[in-house]
Amino acid sequence: MRILSVVGARPQFVKLAPVSRALQEVAEHVVVHTGQHYDDLMSDVFFRDLGIPHPDVNLAIGSGAHGAQTGAMLAALEPVFEQYRPDWVLVYGDTNSTLAAAVAAVKLHLPLAHLEAGLRSFNRAMPEEHNRVLTDHAADLCLAPTAVAMQHLAEEGLAARSVLVGDVMTDVLYSVRDRVLAAPPALPWSDGESVVATIHRAENTDDPERLAAVIDALAAVDRPVRLLAHPRLRAAAERAGIVLERGAITVHDPLPYPELIAAVLQGSGVLTDSGGLQKEAYLLRRLCTTVRPETEWVETVESGWNTLVGTRLDELAAEVARPLPAEPTDHPYGDGHAAERVAAELTGR
Ligand code: UD1
């Protein structure tokens, strides 16, 4: 059996790591990198640190407007799919790479599986929401991370092709956490109270007024804010003439995954608009404050470990300083063995 994974952006490399390990013994696994993310710190370092085999194909598409970027990937993927004719095309998450690969697969009548299916923000202005809705409806197999995601799929008439496998990000997080606890990597700071911050969503970066308001709110926090600057953030701030490093904020490059986990573990909380980091904070039991009006990972908010401040930036600093809630008693993101279930579903074992 031949399974072809398409990845392109940073969170997909993290999800690919446990899946590629689970598929190693049971299938031929071809990895195609669209090149959506291409910097060493945004891409190569993840393959190295997480032990992911080098991609078999790199399309080197790079950046662009949504249509141009997605279209270029679609055109470039078609001959690759023709060449490999996989038994499954496996796509991950909600990026433009996900959608391009989904469309390329269905056009060639190749069976399509979507990992991390069923997540919804119900915010149709987000590019990620278009990508995930369209991909779920194109897929032959929806691999859902949570019970809530399964419910969304059922409500959209997709129950018959949906399976709850758990969250593969839990798999990789647990193994990396154990590794960094045993041998903590060096970090660019070590004060024990810092907040790890990432801001990169178009809704926060692309409107200069919004971006200035977000940065003002981060700068007013009562403890050091370590802003790990995504290239989209740096470029948007420069265009708008906004200085990122002020008040509580110091600016750092994006961290490799093990260093990111170590930074969250040694800090006092997380401030972010990333999807993955909200969950990582929850699983590592660090307070998360999310700079968005809604989240796909509702379980983190229901438990009190995450709070949404997208529409109330004036309360951001107070939320970062809030007390810890009670220890959660359930495991909404699975048991750390989701990738094995993914492999079993795809190979029929
Ligand atoms: C993409 C995904 C988002 C995901 C995020 C993780 C879409 C629509 N969005 O957003 O869901 O959470 O990745 O990081 O697919 N850039 C670099 N170097 C890189 C990569 C990007 O400089 O290695 C710059 C590009 O020039 C571009 C900007 O970052 O201007 C944005 O890149 P893009 O691929 O459009 O989306 P992300 O914001 O990274």
Side-chain angles (χ1 to χ4, degrees), residues 6-17 33-48 55 58-74 76-77 91-104 114-117 119-121 123-136 145 169 196-208 210-211 214 227-240 244 251 253-257 260 270 272-280 290-292 294-297:
V6 180
V7 291
R10 186 167 57 171
Q12 294 167 329
F13 311 140
V14 177
K15 290 163 203 166
L16 173 64
H33 189 327
T34 63
Q36 177 171 352
H37 286 176
Y38 42 86
D39 288 349
D40 184 62
L41 281 177
M42 296 294 289
S43 175
D44 304 1
V45 75
F46 288 84
F47 284 82
R48 283 201 299 274
N58 191 324
L59 304 174
I61 299 296
S63 313
H66 286 290
Q69 186 185 51
T70 311
M73 291 173 190
L74 174 54
L77 283 166
V91 298
Y92 302 69
D94 57 17
T95 73
N96 290 341
S97 299
T98 314
L99 179 63
V103 176
H114 183 205
L115 183 77
E116 212 175 69
L119 293 181
R120 296 290 180 267
S121 67
N123 176 353
R124 295 299 286 255
M126 283 173 66
E128 293 82 2
E129 185 77 353
H130 319 149
N131 290 341
R132 57 173 87 98
V133 170
L134 292 166
T135 303
D136 281 343
M169 286 189 91
V196 175
T198 74
I199 297 290
H200 79 271
R201 295 251 173 221
E203 66 206 68
N204 283 329
T205 59
D206 291 6
D207 168 16
R210 171 72 185 172
L211 179 58
V214 169
L227 180 58
L228 309 177
H230 184 290
R232 173 189 282 281
L233 173 65
R234 278 194 201 269
E238 206 174 301
R239 263 197 317 273
L244 295 175
V251 177
D253 280 335
L255 288 176
Y257 192 74
L260 173 74
V270 164
T272 192
D273 62 3
S274 145
L277 203 44
Q278 292 172 51
K279 230 173 359 169
E280 281 147 3
T290 297
V291 190
R292 285 181 54 197
E294 73 280 301
T295 181
E296 300 76 20
W297 305 106

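For the single chain, residues carry numbers from 1 onward in sequence order. Every number for a ligand or one of its atoms is a count from 1 in the order of the listing. Computed from a prediction, not measured in an experiment: that's the story for all the values here.
Ionic pairing of Glu116 and Lys15 is present here: one or more N-O contacts between side-chain nitrogen and carboxylate oxygen are shorter than 4.0 angstrom.
Residue-ligand proximity, Gln69 to ligand 1, at heavy-atom distances under 4.0 Å covers atoms 34 (O). Counting the atoms of ligand 1 from 1 in the order shown, those under 4.0 Å from a heavy atom of Pro11 are 6 (C). Counting the atoms of ligand 1 from 1 in the order shown, those under 4.0 Å from a heavy atom of Met42 are 19 (C), 23 (O). Shown in contact with Gln36 at under 4.0 Å from a heavy atom are these atoms of ligand 1, numbered in order with element: 1 (C), 7 (C), 15 (O), 20 (C), 33 (P), 34 (O), 36 (O). Within the listing of ligand 1, atoms 8 (C) sit less than 4.0 angstrom from a heavy atom of His66. Atoms of ligand 1 lying under 4.0 Å from at least one heavy atom of Glu128, given by number and element, are 3 (C), 9 (N), 11 (O). Near Asp94, the atoms of ligand 1 lying under 4.0 angstrom from a non-hydrogen atom of the residue are 11 (O).
When Ala202, Ser63, Ala65 are checked for heavy-atom proximity to atom 27 (C) of ligand 1, Ser63 turns out nearest.
Remark: ligand 1 and His37 share an N or O pair separated by less than 3.5 Å (distance only, no angle test). Not a single N or O atom of Asn131, backbone or side chain, sits closer than 3.5 Å to an N or O atom of ligand 1.
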Worked check of ring pair (Phe, Tyr, Trp, His ring centres under 6.0 Å) between Phe13 and His33 | CA-CA 9 Å; Phe13 311 140; His33 189 327; 5.0 Å; yes
